Protein chains: 4
Amino acid sequence: MAGERKDESGRSRGRPRRAEVDRAVLTAAAELLAERGYAELTIEAVATRAGVGRPTVYRRWPTKDDLAVHALVDAVQPLDAPDTGDALDDLCELAISFVIQLSESPLGRVVLGVHAESGRRPQLAAPLRDRYLKPRDAAITGVIERARQQGALHPDLAAETIRDLLFGPLVYHWLITGEPLDRGTAEALIAAARRAISP
Amino acid sequence: MAGERKDESGRSRGRPRRAEVDRAVLTAAAELLAERGYAELTIEAVATRAGVGRPTVYRRWPTKDDLAVHALVDAVQPLDAPDTGDALDDLCELAISFVIQLSESPLGRVVLGVHAESGRRPQLAAPLRDRYLKPRDAAITGVIERARQQGALHPDLAAETIRDLLFGPLVYHWLITGEPLDRGTAEALIAAARRAISP
Amino acid sequence: MAGERKDESGRSRGRPRRAEVDRAVLTAAAELLAERGYAELTIEAVATRAGVGRPTVYRRWPTKDDLAVHALVDAVQPLDAPDTGDALDDLCELAISFVIQLSESPLGRVVLGVHAESGRRPQLAAPLRDRYLKPRDAAITGVIERARQQGALHPDLAAETIRDLLFGPLVYHWLITGEPLDRGTAEALIAAARRAISP
Amino acid sequence: MAGERKDESGRSRGRPRRAEVDRAVLTAAAELLAERGYAELTIEAVATRAGVGRPTVYRRWPTKDDLAVHALVDAVQPLDAPDTGDALDDLCELAISFVIQLSESPLGRVVLGVHAESGRRPQLAAPLRDRYLKPRDAAITGVIERARQQGALHPDLAAETIRDLLFGPLVYHWLITGEPLDRGTAEALIAAARRAISP
DNA sequence: CGATAACCGAGACGGTACGTCTAGTCTTATC
DNA sequence: GATAAGACTAGACGTACCGTCTCGGTTATCG
């Protein structure tokens, strides 16, 4: 979770790191991200709120990017797909609840901003991809495959394409309006999008 | 373009501002945004590159946010919709070329990031909405209305919804992958999306 | 007095430095030197006590050494030689009162310590020599020459030698005992030293 | 030599301290004092150079002052007085060679600086007096007494005064010039000083 | 011989200060 | 009154050490 120590092999030497410190720092970082956003996140404030010295933060996460990504991933709870039997319904519900949840969380727009910035910073992109996108994508892809086996999806469309067609309109709406997505709007968008992905 | 002067009425007194300074500063800001991103943009660097004193920058754009938004809007060229006769084709082509162009520009992800951050900062949101979103939305809505009159659109869908269904998947794909959108992918997404918005 | 600005020639450009800041910083530095000594002098504390930002201190005196030397020289008042007619008496009195004064000042031992450290640090030595030693040496040498013309000094002894023979024992006594020099002891030492320098 | 252990009475329990560690630390400290001076001496660097953990250093010498004084005393070899029969000659030679030796050693000015600082720090002063000054003073006083019995000294002058009159000028010269004392200068000063202490 | 105690290295910990950088404001001389 | 220059307060940056504390492990004495 925290920055790696040098001696990866065998038993670690010296005093071991306290896990409570990891927690305190990540929690403080997530709170500050929610309150002030990524641009105004300072290591100083994180350390103070966590009741920790600044070097202790740097020891674990050498850059602000590192810390922010880990704090975000740690704070944004994963979503698990429903399973009602109708996989297409499950998929649509997953998209709706996922985007609504994100758009209502104070961390949602931070996640979006970090994604946008990650194009320019590889060190931001790697952990974001591995720790955030991959797990969520796996869940989504699972439901898509279930739906495909139920014959509910257009056979020519790749899973990735289906994902973009369902999640894209919701996320875009939220991005443009800047306000939490309401369920009515979301369902209307999804209702239309279903026509795009049906067989 | 630049920050307002006190005396709005009639002729201003004293030495007039030099328009070249406005241009130099905006150009410098846009370059630095493209090179280093929003987070690493400093007024100091902008002033230096523009060959201008720092207070001269502040006189026009009182905060970094102000400057950044204006520089972005100024730098990202507007896109005018094609008019081939088939308004739905025009609309799709508009979406594709718009997102491709944005995704290929070094400023594209900066625009995205500023959008994401704008949720938290009203002073960022207002000029962004007025100077960036509105003009582009007007162009898009125009084409949508043309298509609607040609009977090419599903009658139950609002213009806003159609916009989300077309642009959303493209932007989302670009956001997630982090790479410039290629035309093949874009056309595949739009081909499916057309089924969602057709009558 | 303070660190030089680049453009020495002609009128300086930009906002001029405030002289009160110079004074506040030097005073704060001298106080802290007296209270805590050279080793525990921190720029941070100086800036805080002077009510000034740290960069403002660094702008004028780029290193702790620079600041300390200037503060010391500024704080230790010069001593002017008496002139009673008998130049040898004047010289002895000068030595006694000079060392007593230094030994009683809380800055005295700091001056001594900085002198000792100056051997290792040229940047400490240069301003110390130019701004502290030279003026005092000039005063002493003046009295010595007066005494020599009155035939009160051994003709074979250089002015430097006479200075060492008179001041050396007093300073050494103070250095070893660690306590302020009392006049009785000083006069006893000088009485003996006079035999060394008499014709 | 090193800091005391709690249980002074009888045999100590537990693993005994390794004497080699004492040596390594003192040597490292003396080297660093010679290379960088007292102000830039850090426990960290001492421990690293000695190949030892930091707590191991603190266990023996709880403060930097403690360590520095012990390292200095340990490193500056004592000088033994010559005995040619003429005690006054012996005394003068002792003064000359003592100051020359000190002024040529890279540790000399450190000793001087620590002396100067010791006025402000009792914990620095005590070990310095006991372990450095006292032994040297005893040797000097011994020769002075021998000289006194040979009738070579002015009967009114205390041993302390004689010490100041002989050593003071040499040390002062070295302190002011900042350069190693050369024998010619030293002998000239002593030749004059002899007139001050002769009967 | 096994328990106990102190040593040793490494390194985490909460801090303090470093010297630098940038923000946003201000003051000056010049245009 | 705009401009270029630059001083100014404020505060974060990332680093170096501080002095203390835990670790795993070692080496002695003592019961």
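Each chain gets a letter, A, B and so on, in the order its sequence line appears, and its residues count up from 1. Quick caveat, the model's predicted, so the values are computed rather than measured.
- C:Lys64 places no side-chain N or O within 3.5 Å of a backbone atom of C:Thr42 that could act as its donor or acceptor partner.
- Remark on DNA chain E: of its neighbouring residues C:Lys64 and B:Thr63, the 5'-side contact belongs to C:Lys64, judged by nearest-heavy-atom nucleotide.
- Inter-residue side-chain proximity for A:Arg23 and A:Asp74 is flagged as met; some heavy-atom pair is nearer than 4.5 Å.
- Counting heavy atoms from C-beta on, the side chains of C:Arg60 and C:Val25 never come closer than 4.5 Å.
- In this structure, C:Leu67 places its CG atom 11 Å from P of E:dC18, rounding to the nearest Å.
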Any N/O pairs under 3.5 Å between the protein and nucleotides 8-11 of chain F? List them or say none.
from, atom 1, to, atom 2, distance (Å)
F:dC8, OP1, C:Arg18, N, 2.8
F:dC8, OP1, C:Arg60, NH2, 3.0
F:dC8, OP2, C:Arg60, NH1, 2.5
F:dC8, OP2, C:Arg60, NH2, 3.1
F:dT9, OP2, C:Gly53, N, 3.4
F:dT9, OP2, C:Thr56, OG1, 2.9

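- Rounded to whole Å, the distance from OH on A:Tyr58 to C1' on F:dC17 is 17 Å.
- Looking at D:Arg131, its side chain never comes within 3.5 Å of a backbone N or O of D:Val69 through a donor-acceptor pair.
- Computed from coordinates, the C:Arg36 CZ to E:dA17 C1' distance equals 13 Å when rounded to whole Å.
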Salt bridge (charged side-chain N to carboxylate O under 4.0 Å, His left out) between C:Glu31 and C:Arg36, worked out
CA-CA 9 Å; C:Glu31 286 173 13; C:Arg36 299 217 254 277; over 6 Å; no
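- One can place CG of C:Leu32 at 17 Å from P of E:dT16, the figure rounded to the nearest angstrom.
- To the nearest angstrom, P of F:dC17 lies 13 Å from CZ of D:Arg49.
- In this structure, A:Arg109 contributes its side chain and B:His115 its backbone to a donor-acceptor pair below 3.5 Å.
- The distance from atom CH2 of C:Trp61 to atom P of E:dG19 is 15 Å, rounded to the nearest whole Å.
- The separation between C:Glu40 atom CD and F:dC18 atom C1' is 13 Å, rounded to whole Å.
- Rounding to whole angstrom units, CG of residue B:Asp66 and C1' of E:dG24 are separated by 13 Å.
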